[in-house]
Each structure stands twice: as structure tokens, then as C-alpha cells.
Peer 1: 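I am attaching a structure below and will ask some questions about it afterwards.
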There are 4 protein chains.
Amino acid sequence: MNQAIAQSKTNKQKRNKLDKRQAVLDAALTLFVENGFHGTSTASIAKHAGVATGTLFHHFATKDAILTELFVTIKTRFASEITSKAALNGDFEHDANALWQQAIDWALANPLQQAFFLHFSLSSEIPSNTRNMAMHDILGFLVDMLKQGQQQGELCQYPIELMLENCHGQYLAAIRFFTDNPQLGIDPNHRNASFQLFWRAIKA
Amino acid sequence: MNQAIAQSKTNKQKRNKLDKRQAVLDAALTLFVENGFHGTSTASIAKHAGVATGTLFHHFATKDAILTELFVTIKTRFASEITSKAALNGDFEHDANALWQQAIDWALANPLQQAFFLHFSLSSEIPSNTRNMAMHDILGFLVDMLKQGQQQGELCQYPIELMLENCHGQYLAAIRFFTDNPQLGIDPNHRNASFQLFWRAIKA
Amino acid sequence: MNQAIAQSKTNKQKRNKLDKRQAVLDAALTLFVENGFHGTSTASIAKHAGVATGTLFHHFATKDAILTELFVTIKTRFASEITSKAALNGDFEHDANALWQQAIDWALANPLQQAFFLHFSLSSEIPSNTRNMAMHDILGFLVDMLKQGQQQGELCQYPIELMLENCHGQYLAAIRFFTDNPQLGIDPNHRNASFQLFWRAIKA
Amino acid sequence: MNQAIAQSKTNKQKRNKLDKRQAVLDAALTLFVENGFHGTSTASIAKHAGVATGTLFHHFATKDAILTELFVTIKTRFASEITSKAALNGDFEHDANALWQQAIDWALANPLQQAFFLHFSLSSEIPSNTRNMAMHDILGFLVDMLKQGQQQGELCQYPIELMLENCHGQYLAAIRFFTDNPQLGIDPNHRNASFQLFWRAIKA
DNA sequence: GATGAATGAGGGTTCATTCAT
DNA sequence: TATGAATGAACCCTCATTCAT
């Protein structure tokens with residue numbers, strides 16, 4: 001029972017520690033989206049998070065490190081969520097559509113993360129190596145899908161790198177549209193149209 | 001002869017004045033592309049331009065004003081150049097292709113301006129009103145073309161705002177690809193593929 | 001046997017306790033010599049010593065206290081070692097030479113302590129009262145020797161305080177030279193010359 | 001006459017500019033001596049000098065740069081002053097004494113600079129390359145004198161580097177003594193004794 | 001005794017902008 | 001018009017020290 005108490009204490013400690021760390025991340029996410037990276041001071045992040053500036057730098061070596069961690073975390077959560085939730089059945093167009101709609105849903109369900117994504121995916125405010133790494137990880141499964149689609153004769157045979165960049169551009173355009181017009185996010189017409197534009201461009 | 005000399009002096013003075021103003025813009029363009037907006041100090045712009053910091057602020061009220069002027073100037077020059085150079089003949093697909101290829105050519109011919117464009121057209125480093133204004137002006141003729149194309153039955157009938165965003169996204173993707181792979185800019189295969197992706201998405 | 005185990009545990013605990021304290025001192029010595037007092041953070045000392053920052057402050061009230069303890073410890077060890085090892089025989093020049101050579105030997109045998117000594121005996125990075133106290137203790141036996149030498153007619157009759165300062169200066173100069181040129185530390189020529197300069201200045 | 005006025009204006013401008021720069025150096029000299037390098041903040045220097053913190057960094061790239069400039073300036077002024085004021089006549093002992101006494105006089109006449117000198121000549125608070133450079137420049141004429149003295153048979157024949165270090169050490173000891181006991185600076189007894197100790201050590 | 005997360009004042013430095021010349 | 005010295009708030013980050021566990 002003493003052990004149980006000790007264990008509990010340890011857990012609470014860890015919980016508190018992680019809480020502060022998470023509070024910093026949460027505050028940074030909000031402020032970065034609102035004011036941009038350079039427009040947000042570490043002091044304001046700390047204040048927003050309810051911690052001292054020293055605490056911020058106890059958990060993150062650098063202001064940049066906060067941005068990087070946000071970037072990687074959001075990207076990872078996004079990728080795992082849409083691939084796990086999409087109901088794939090092996091039919092190429094069906095699967096492409098399933099993933100596409102899940103990605104749109106994710107954007108609508110996580111407006112803050114989505115705004116962060118649009119803000120920083122292409123921004124020069126984050127180190128390009130971080131951006132490239134994250135982009136490559138996100139697009140990794142896309143590359144596989146495109147190659148497979150071309151082999152199966154389901155997709156047009158244009159150069160893969162060009163198609164990849166095109167898909168990325170169309171994806172960003174779609175989520176920008178639905179972020180700007182959230183009320184149309186539940187309209188089947190627009191949802192379907194967004195996929196059709198994408199699909200018509202790349203299908204065989 | 002005295003008059004001639006005076007005239008000459010006046011001209012040279014005006015020339016010098018404009019030279020300094022232009023020198024600031026040129027230096028700012030280079031440095032903004034290289035280091036970003038926040039990464040470039042007004043002092044470094046002035047030094048690069050060969051003028052004093054005070055001079056810089058005689059010609060531009062604000063550091064932001066330099067960015068805005070660069071943005072508007074480049075956007076205007078871009079729009080006028082591609083519309084004037086494209087040989088249109090009334091056939092919809094032909095004209096769309098002509099404009100598309102001109103836009104790609106412009107990007108390849110003006111790498112600095114193009115880099116600036118990619119850097120800042122979506123960046124949060126510039127005031128959103130500046131970005132929106134510039135974007136709207138650029139996309140103005142696109143809206144007209146899209147509406148006309150739908151009326152003539154040449155384009156698919158998806159919601160116009162969604163298509164507009166999609167076109168913009170595909171355009172940025174294309175120039176990003178050709179900027180990253182300049183050697184492919186003269187390859188007819190890739191040039192044609194980039195247009196085909198775009199065209200297949202939106203054609204009827 | 002249980003007692004033996006308990007005893008063993010207690011000893012080990014005490015050993016551990018002293019170990020940690022000593023580990024802090026060792027780490028501080030190395031880092032102070034390497035980076036100076038202000039250039040060394042308590043965090044880095046703790047890390048180097050393999051203890052937590054809190055542990056460091058259980059053993060030393062203050063960062064300054066670490067420096068002071070190092071200073072006093074090294075000074076004491078130095079003084080006791082050279083006086084105990086020097087073979088004195090009552091002849092004044094012989095005894096002076098014996099002490100001088102022992103002091104040089106100590107410097108060569110304890111390079112870290114010696115570097116610490118040169119770094120901090122005149123540095124303003126340590127509180128002046130600490131420095132003065134330590135200096136006075138070291139020079140104490142020197143004062144006695146000088147006075148005795150003058151009474152015996154072995155030394156010149158210049159004001160004692162001036163001679164004391166002069167001896168101190170020559171001593172620091174010698175160990176600085178041999179620290180900078182360690183290979184000459186075993187050269188009898190240089191060793192003897194260093195003493196002769198010192199002795200010629202003060203002998204009768 | 002307009003020209004005269006313009007010239008006057010320009011001079012006043014330059015005067016003002018140099019005044020602020022000099023004010024920073026003066027304030028830094030006082031504060032560095034009083035609190036040490038690390039104990040003095042750039043903010044306090046600026047406040048003491050009556051300028052804004054930005055002004056300080058307009059004139060000096062770095063806090064270190066202030067220290068370096070002080071070091072070089074004081075060293076140069078010291079060297080030029082004692083060599084120009086000393087009345088040399090070619091007799092070796094006479095010339096050595098003349099320089100020695102001038103050096104002591106300089107210390108007594110410039111107590112702040114002297115305190116700075118004692119504080120930082122051997123301190124690890126300044127970059128070692130700066131210290132070495134300055135030391136070498138100061139000791140340059142000493143090296144020449146020592147070599148010449150040995151060739152003429154006026155000085156003892158111990159290794160030159162060791163003698164150099166010894167002279168430096170004795171010099172610092174002497175000025176430390178007279179700085180600590182300023183009332184003895186006009187006592188011929190102590191003045192002569194300080195030279196005799198030095199001279200007896202190195203003479204043939 | 002040992003831990004290490006938390007603190008927040010203070011550090012050196014930057015920078016857009018002003019203004020007297 | 002052109003200059004560049006001057007400004008001072010704001011920046012990111014460090015650090016000796018504390019204290020709950």
C-alpha cells in the first residue's frame with residue numbers, strides 16, 4: 001500500500017511535468033496560428049501557458065524546437081488518424097476517396113491544428129529541413145499509392161514527382177477552401193466536387 | 001550651355017533619386033528571398049543598397065511598405081507579361097495552355113521574382129490584407145475565364161470558388177516543381193504534363 | 001551478520017555521500033580551469049559530477065562556496081606538501097632553494113591544481129576576501145623566513161612588505177613559465193636559473 | 001564663411017559622436033575595475049555613460065570589444081608615455097632605472113588605468129589572445145633591452161624567456177605594492193628599493 | 001540525503017524608426 | 001534629399017537557487 005502511494009505520487013509528478021510541457025505546446029499552437037512564429041514571443045507563450053519563461057526553456061531547448069515538435073506531432077497524428085479511420089476495400093478510386101474525405105474531416109474536426117498546418121506547411125518561418133522532413137513523411141504513403149496506381153493502370157502516367165507536387169497542391173487548396181468555408185464542409189456537393197477535381201486530374 | 005548643364009544636373013539628380021529607391025527595392029528583393037522578411041534587417045537592406053538607413057525611410061514609410069511594394073510590383077509585372085505575351089486564338093484549351101506555358105516561362109526567366117512569389121504569396125510574414133489584395137488581382141482574370149468556360153460548356157460545373165482555389169493550388173505546385181527542378185523546365189514532356197494535370201481536372 | 005551488513009551499508013552510504021561531495025569538487029575544478037568561474041554553470045558541474053542540481057546545493061550553500069573550498073583546499077595541500085617534503089638543513093640559501101624547487105615540483109605534478117591556482121589567485125572572479133585570506137596564509141611562512149633572513153644578515157634590508165610582494169610576483173612568474181613550458185621543468189638549467197633570479201634579488 | 005560654419009558643424013557632430021563613444025569607454029573602465037567584467041552589465045555601462053543601450057552597441061560590436069579596446073588603448077598609452085618621458089643616456093643601469101621609475105610614476109598618476117591593468121593583465125575574464133597580444137606588444141621593447149643587455153655583458157645570461165617572465169612578474173608586484181600603498185610612492189627609499197630588487201635579479 | 005522541475009530576474013544583443021545636422 | 005548616430009523596448013535565452021516529492 002505504501003508502494004501504491006509512492007507509485008501514485010510518481011504518477012502525479014510525471015503528470016504535472018507533462019501538463020506544463022503540454023500547456024506550453026498548447027499555448028504555442030494557439031499563438032503561432034494567431035500571430036505567426038516571429039510575431040509570438042517566448043514570454044507570451046509562457047504567460048499563456050501559465051508557466052515561467054524558465055520553465056519553457058526547461059522543456060524545450062529553443063523556440064524553434066517548440067515549432068518543430070508541434071509540426072511533427074500534428075503531422076504524425078494527422079497521418080495516423082486518416083489512414084486508420086479510412087475504410088479501404090482495395091478499389092483504387094474508392095480508397096482514394098475514403099482517404100480524401102477523412103483528410104477533409106480531420107481538417108474540420110481540428111481547426112486549430114489545421115490552421116497551423118496551412119500556416120506553416122509552406123512557410124519559410126520554419127527551418128526548411130524540418131518542413132522537408134515532415135512533408136516527406138506525410139507524402140510517403142502518397143508516393144506508394146501513386147506508384148501502385150500507375151502500375152495497375154488506374155492513374156495517368158505523368159512523371160511521379162510532378163504528380164506528387166500536384167496532389168499536394170490540390171490537397172492544400174481543398175482544405176484551405178473548406179477551412180475558409182466551414183459551413184460547406186457538410187455539403188455533399190462540395191465534398192464530392194473537391195474529390196472529383198483531384199481524381200480527374202490524376203486518374204488514367 | 002549653362003542651362004544644358006543645369007538640365008543635365010537635374011536629370012542626374014532625379015536619376016540618382018530613383019536609383020536609390022530602386023536600389024533599396026532590389027536589395028530587399030534579394031535579401032527577403034535569401035533570409036525571409038524577419039530575417040532581413042532594414043540596416044542590411046540599406047547597406048546592400050549602398051544608402052544610409054535614413055534614406056531608406058525617406059523612400060518607404062515602413063519596412064512593411066517595401067514588402068508590399070515589391071509584392072504589388074512583381075504581381076503586376078507578372079500578370080501583364082503573361083497576358084500580353086500569350087498568343088490567344090479563342091479556342092479555350094489552346095488559350096488556357098498558352099497562358100499556362102507563359103506563366104511557367106515567366107517563372108523560369110525571373111528566378112528571383114519567382115522565389116519571392118513562392119516565399120511570400122502564402123506566407124504569414126506579410127500582412128494578410130496585402131496578400132489577399134494581390135491574390136485577388138492575380139486571380140481576377142482567372143475567375144472571368146472560369147465563368148466563361150463553364151458557360152461555353154468547356155469546363156466542368158463544380159462550384160466556382162472551389163475551382164478557383166484548386167487552380168491556384170495547382171499553379172503554385174507547378175511552379176514550385178519547375179523552380180526546384182529547373183533543368184526540366186525545357187523538357188516538353190514535363191511542361192505538357194503539368195498542363196495536362198491542370199486541364200484534366202477542370203475540363204468538361 | 002545482520003549487523004555486519006548494516007555496518008557495511010552505513011559505510012557505503014557515508015562513502016557515497018562523500019563521493020558525491022568530492023565528485024562535485026572534482027568536476028568544478030576541471031570546469032573552472034577550463035571555462036572560468038562565470039563560464040561554468042552549476043548545472044554543468046552537477047552533470048559532470050553525475051549528481052542532481054539539488055544535490056549540489058545540499059553540499060554547498062552557494063556556487064561561491066565551491067570555489068572557496070577548492071581554493072582553501074588546494075592552498076592548504078600545497079603549503080603542507082612543500083614544507084613537509086623540503087629537506088631543510090638550516091643553511092639559508094640551501095633551504096630557500098629546497099622550498100623553491102619543491103614548489104616548482106608541486107606545480108608540475110599537479111597541473112590541474114596549478115592551473116586553478118594561476119587562474120584564480122589574482123582573479124577578480126573570486127571574492128577578494130577569500131583571495132586575501134588564502135594569500136595571507138600562503139605567504140605567512142614567507143614573512144617569517146624573510147624576517148629571519150634579514151636578522152641573520154642573509155637577505156637585503158629593503159622594506160619587508162615590498163620584498164614580500166616581490167617574492168610573490170617572482171614565484172608566480174616562475175610557475176607560469178614552467179606551466180607554459182612543461183618540457184623545461186626537468187631541465188636543471190632552467191630550474192636553477194629560476195631560483196637564481198629569485199635569490200639574487202633578495203640575498204644580502 | 002558658410003564653409004566655416006559647415007566645418008564647425010561637422011566638427012561638433014564628430015565631437016558629439018566621439019564623446020558618447022568615449023563616455024562608454026570611461027564608464028566601462030570605472031565599472032570593470034569596480035565590479036569586474038562579468039559583474040558589469042552592458043545596461044549599467046550605458047546608464048553610467050548616459051547613453052541608451054542601443055548606442056553602446058552602435059559603437060561596439062560586443063561587450064568584449066569594449067574590454068579589448070580599453071586594454072589596447074591603455075597599454076599603448078602606457079608604453080608610449082614611459083618610453084617618451086624617460087631620459088635615456090646610453091648607460092644601461094641608468095636607462096633601466098629611468099624606465100622603471102617612469103612606469104611607477106605612470107601607475108601613480110593614472111590610478112584607474114593602473115587598477116584596470118592589475119585587474120585584467122592576468123585575468124581569465126578577457127580572451128587569452130587579446131591578453132597575449134597586448135602582453136607581447138608591451139614586452140616587445142623589454143625583449144630588445146634584455147637581449148642587448150646580455151650582449152653587452154650588463155645582464156646575467158639566463159634563458160631570455162624566463163627572464164622576461166620574471167621581469168614581468170616583478171613589475172606587476174611593484175606596481176601592486178605602490179597601488180596598495182600610494183603614500184609610499186613619493187618615498188625615495190621604497191622607490192629605489194623596488195628598482196634595486198629588480199636590478200639585482202637580472203644584472204650581470 | 002537526493003532529486004530535477006520550476007522559477008523569474010537578469011543577461012547580451014537586435015532592430016525599426018527618428019531626427020538633428 | 002541624404003545621412004547615420006541615437007534610441008529603448010523587445011528579443012531569446014541562462015542560471016543560481018528553491019522546494020515538493
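Every chain is numbered from 1 and lettered A, B, ... according to where its sequence line falls, protein lines coming before strand lines.
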Peer 1: How long is the straight-line distance from NE2 of A:His48 back to OG1 of A:Thr30, given to the nearest 0.5 Å?
Peer 2: 5.5 Å
Peer 1: Provide, to the nearest angstrom, the distance between the CZ atom belonging to C:Phe57 and the P atom belonging to F:dT17.
Peer 2: 5 Å
Peer 1: Could you check how far CG of A:Asp64 sits from C1' of F:dC13, rounded to whole Å?
Peer 2: 13 Å
Peer 1: If you pin B:Gly54 and C:Gly50 to their nearest nucleotides in DNA chain E, which one's is more 5'?
Peer 2: C:Gly50
Peer 1: I need the NZ-P distance between D:Lys63 and E:dT14, as an integer number of Å.
Peer 2: 15 Å
Peer 1: Check whether any side-chain heavy atom of B:Glu69 lies under 4.5 Å from a side-chain heavy atom of B:His59, and answer yes or no.
Peer 2: no
Peer 1: What closest approach, in Å, do A:Ala28 and A:Ile66 show between heavy atoms, and which atom pair accounts for it?
Peer 2: CB-CG2, 3.5 Å
Peer 1: Please name the nucleotide paired to F:dA10 by Watson-Crick or G-U wobble geometry with both distances under 3.5 Å, or report none.
Peer 2: E:dT13
Peer 1: Taking the side chain of C:His59 as its heavy atoms from C-beta onward, which of F:dA2, F:dA6, E:dA2 lies nearest to it?
Peer 2: E:dA2
Peer 1: Is there a donor on the side chain of D:Ser41 or the base of E:dG11 sitting less than 3.5 Å from an acceptor on the other?
Peer 2: no
Peer 1: Grab the NE2-C1' distance between D:His38 and F:dC15 for me, whole Å please.
Peer 2: 13 Å
Peer 1: 5'-most contact on DNA chain F: C:Gly39 or C:Thr53, nearest heavy atom basis?
Peer 2: C:Gly39
Peer 1: Over how many whole Å does the gap from B:Phe60 atom CZ to F:dT1 atom P extend?
Peer 2: 14 Å
Peer 1: For E:dA5 and A:His58 - does any side-chain N or O of the residue sit under 4.0 Å from the phosphate oxygens OP1/OP2?
Peer 2: yes
Peer 1: Both A:Val51 and C:Val51 contact DNA chain E. Taking the nearest nucleotide for each, which residue is further toward the 5' end?
Peer 2: C:Val51
Peer 1: What is the distance from NZ of B:Lys47 to P of E:dT14, rounded to the nearest Å?
Peer 2: 12 Å
Peer 1: For C:Asn35 and F:dT14, give me the distance from atom CG to atom C1', rounded to whole Å.
Peer 2: 15 Å
Peer 1: Going by the side chain to side chain contact (heavy atoms under 4.5 Å, CB included) test, name the single residue among B:Val51, B:Leu29, B:Thr42 that passes it with B:Val24.
Peer 2: B:Val51
Peer 1: With nearest nucleotides of DNA chain F determined for C:Thr40 and A:Thr40 from heavy-atom distances, which residue corresponds to the more 5′ nucleotide?
Peer 2: A:Thr40
Peer 1: Between C:Phe116, C:Phe37, C:Phe71, which is the residue that forms a ring pair (Phe, Tyr, Trp, His ring centres under 6.0 Å) with C:Phe32?
Peer 2: C:Phe37
Peer 1: Grab the CG-P distance between B:Leu31 and E:dA16 for me, whole Å please.
Peer 2: 12 Å
Peer 1: Within the pair B:Thr42 and E:dC15, is there a side-chain N or O less than 4.0 Å away from OP1 or OP2?
Peer 2: no
Peer 1: If you compare every side-chain N and O of B:Thr55 against the phosphate oxygens of F:dT3 (OP1, OP2), does one of them come in below 4.0 Å?
Peer 2: yes
Peer 1: Would you mind pulling out the nucleotide paired to E:dT18, Watson-Crick or G-U wobble, both distances under 3.5 Å?
Peer 2: F:dA5
